[in-house]
Amino acid sequence: MSSIASTQREPSANNNSSLECVVASYATARLQNDAVNALRKQSSSLPGDLGNSVLRHSDEQTLTSLVAVRDAMSNFETPPESFQDWGVVTSSRYLGRTAFAQALNKYAVDGPWNVSVQVVPNRSLHSPASMVGLALGCHGPCVGVGGGLDGEPDAWLTATSLLDQHQLPGIWLIFSGWDPDERIDLEGVSLNNPSCTALALALQPAFSQPGAGKLKIVYDSQNVVPLTVPAQETAFSQFENFFASGMKGQTMTTNLGGGLRLEMDWSPAVTRTIPLVNPAAPGQKRAA
């Protein structure tokens with residue numbers, strides 16, 4: 001494969017540099033808790049058909065991410081023959097918080113014998129990336145990035161850098177979380193009824209998909225805006241608003257913080273969209 005998996009310019013006089021790729025496919029998922037839990041018995045409907053016994057222990061954000069990936073797989077203009085050499089980067093928000101709160105409470109009451117050993121491997125930062133990689137048979141890097149309120153810029157940078165430096169044929173970039181953010185008590189019981197959301201982007205080298213939406217991560221050392229915590233916008237809300245507006249052929253620019261900005265050029269050649277609803281109001285906090 002050519003070494004120009006994505007375009008990285010040398011720093012110019014104004015100290016700008018960028019990483020570029022294309023969005024070969026994408027999809028979103030927004031599920032209520034009951035719908036997510038129902039997936040634990042519907043392994044055959046998800047990529048890889050990993051088995052209900054495996055999904056039984058998976059985090060809700062992992063399951064919702066698998067739904068988004070499944071839908072994105074059906075939206076490729078030219079589907080890859082396989083995802084064997086692809087990588088996976090996931091950015092979750094407080095993944096496993098409820099499960100760990102419940103486990104710690106059980107440990108305090110009944111000791112270690114009442115705590116499931118499945119909590120750590122299935123409810124940790126790298127769990128969604130590992131599960132997606134397992135489902136798709138990916139042998140590239142599979143990592144979780146961030147995990148809190150301000151980790152999404154790191155995920156954007158990680159995914160585009162992996163494409164650039166490791167000459168991968170593609171990488172799945174997945175963002176997940178709760179909308180609104182899940183609130184729990186000390187025993188891990190949910191105090192509200194949020195939706196679990198996921199955005200799955202199939203990124204490929206800039207030269208590989210003519211006419212696909214171009215995505216560029218730009219670093220501008222002259223415009224280093226501090227990250228806002230909590231984030232005022234998230235990847236899910238940014239794309240939700242962009243696609244809901246029907247701005248085909250135009251450029252979406254958003255500040256990722258720390259001197260990074262995202263530029264999304266959705267080419268007129270891309271004719272299909274995933275219908276998205278409930279665009280976020282300006283300044284409204286979203287969980288994913």
Side-chain angles (χ1 to χ4, degrees), residues 23 25-33 35-36 59-69 71-72 75 89-95 97 128 144-160 172-183 192-203 213-218 225-248 250-258 260-266 270 272-288:
V23 181
S25 184
Y26 68 95
T28 65
R30 183 196 294 270
L31 303 174
Q32 292 293 115
N33 206 40
V36 179
D59 189 88
E60 292 78 11
Q61 293 186 50
T62 299
L63 293 168
T64 306
S65 296
L66 285 170
V67 170
V69 169
D71 294 344
N75 288 314
V89 173
T90 60
S91 176
S92 59
R93 289 188 169 231
Y94 297 136
L95 185 131
R97 177 170 55 181
V145 181
L149 289 171
D150 58 350
E152 288 190 355
D154 292 336
W156 286 114
L157 194 58
T158 299
T160 52
W172 286 99
L173 175 57
I174 305 165
F175 300 92
S176 65
W178 294 94
D179 180 20
D181 197 20
E182 188 177 34
R183 294 185 294 111
N192 59 346
N193 187 32
S195 298
C196 196
T197 65
L199 164 66
L201 301 168
L203 306 182
K214 287 187 171 58
L215 183 150
K216 183 185 295 184
I217 303 294
V218 180
V225 179
L227 289 171
T228 302
V229 180
Q232 295 301 308
E233 282 191 299
T234 64
F236 189 92
S237 65
Q238 289 161 358
F239 273 73
E240 185 177 49
N241 286 330
F242 180 60
F243 296 135
S245 69
M247 293 173 61
K248 287 286 186 177
Q250 299 190 37
T251 300
M252 175 181 70
T253 300
T254 186
N255 195 330
L256 299 177
L260 296 177
R261 71 175 181 270
L262 180 146
E263 298 177 0
M264 177 73 184
D265 179 16
W266 202 253
V270 180
R272 290 176 297 133
T273 62
I274 307 299
L276 297 175
V277 296
N278 301 325
Q284 180 180 350
K285 175 187 172 185
R286 302 300 290 270

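These figures come from a predicted structure and were not determined experimentally.
If you take CG on Leu203 and CH2 on Trp172, they are separated by 9.5 Å, rounding to the nearest 0.5 Å. Expressed to the nearest 0.5 Å, how far CZ of Phe175 lies from OG of Ser65 amounts to 11.0 Å. Rounded to the nearest 0.5 angstrom, Thr160 OG1 and Leu173 CG are separated by 8.5 Å. Expressed to the nearest 0.5 Å, how far OH of Tyr26 lies from CG of Leu199 amounts to 10.0 Å.
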### Message
Before you tell me yes or no, could you show the steps for Leu157 and Val145 under side chain to side chain contact (heavy atoms under 4.5 Å, CB included), namely the whole-Å CA-CA distance, both residues' side-chain angles and the distance that decides it to 0.1 Å?
### Response
CA-CA 10 Å; Leu157 194 58; Val145 181; over 6 Å; no
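The heavy-atom pair separating Arg30 from Ser195 by the smallest distance is CG-CB, 3.7 Å. Taking all atoms of both residues into account, the shortest heavy-atom contact from Leu95 to Gln61 is CA-NE2, 3.6 Å. Across all non-hydrogen atoms, the minimal contact from Val89 to Ala155 is CG1-O, 4.0 Å. For the pair Glu152 and Ala235, the tightest heavy-atom approach, listed with the atom from each and the gap, is OE1-N, 2.7 Å. Contact record, Ala72 with Ser25: O-OG, 2.6 Å, taken as the closest heavy-atom pair. Annotation for Gly177 and Arg93: closest pair CA-CB, 4.2 Å, computed over non-hydrogen atoms.
Qualifying side chain to side chain contact (heavy atoms under 4.5 Å, CB included) partners for Thr90, counting only residues two or more places apart in sequence or in other chains: Val88, Pro128, Ala129, Ile174.
You'll find the side chain of Thr197 stays beyond 4.5 Å of the side chain of Thr28, heavy atoms only. The side-chain heavy atoms of Trp156 and Leu260, taken from C-beta on, include no pair separated by under 4.5 Å.
Using a cutoff of 4.0 Å between basic side-chain nitrogens and carboxylate oxygens, Lys214 and Glu263 are not scored as salt-bridged.
A side chain to side chain contact (heavy atoms under 4.5 Å, CB included) with Val36 is found for exactly one of Asp59, Thr64, Thr62, Val67, namely Thr64.
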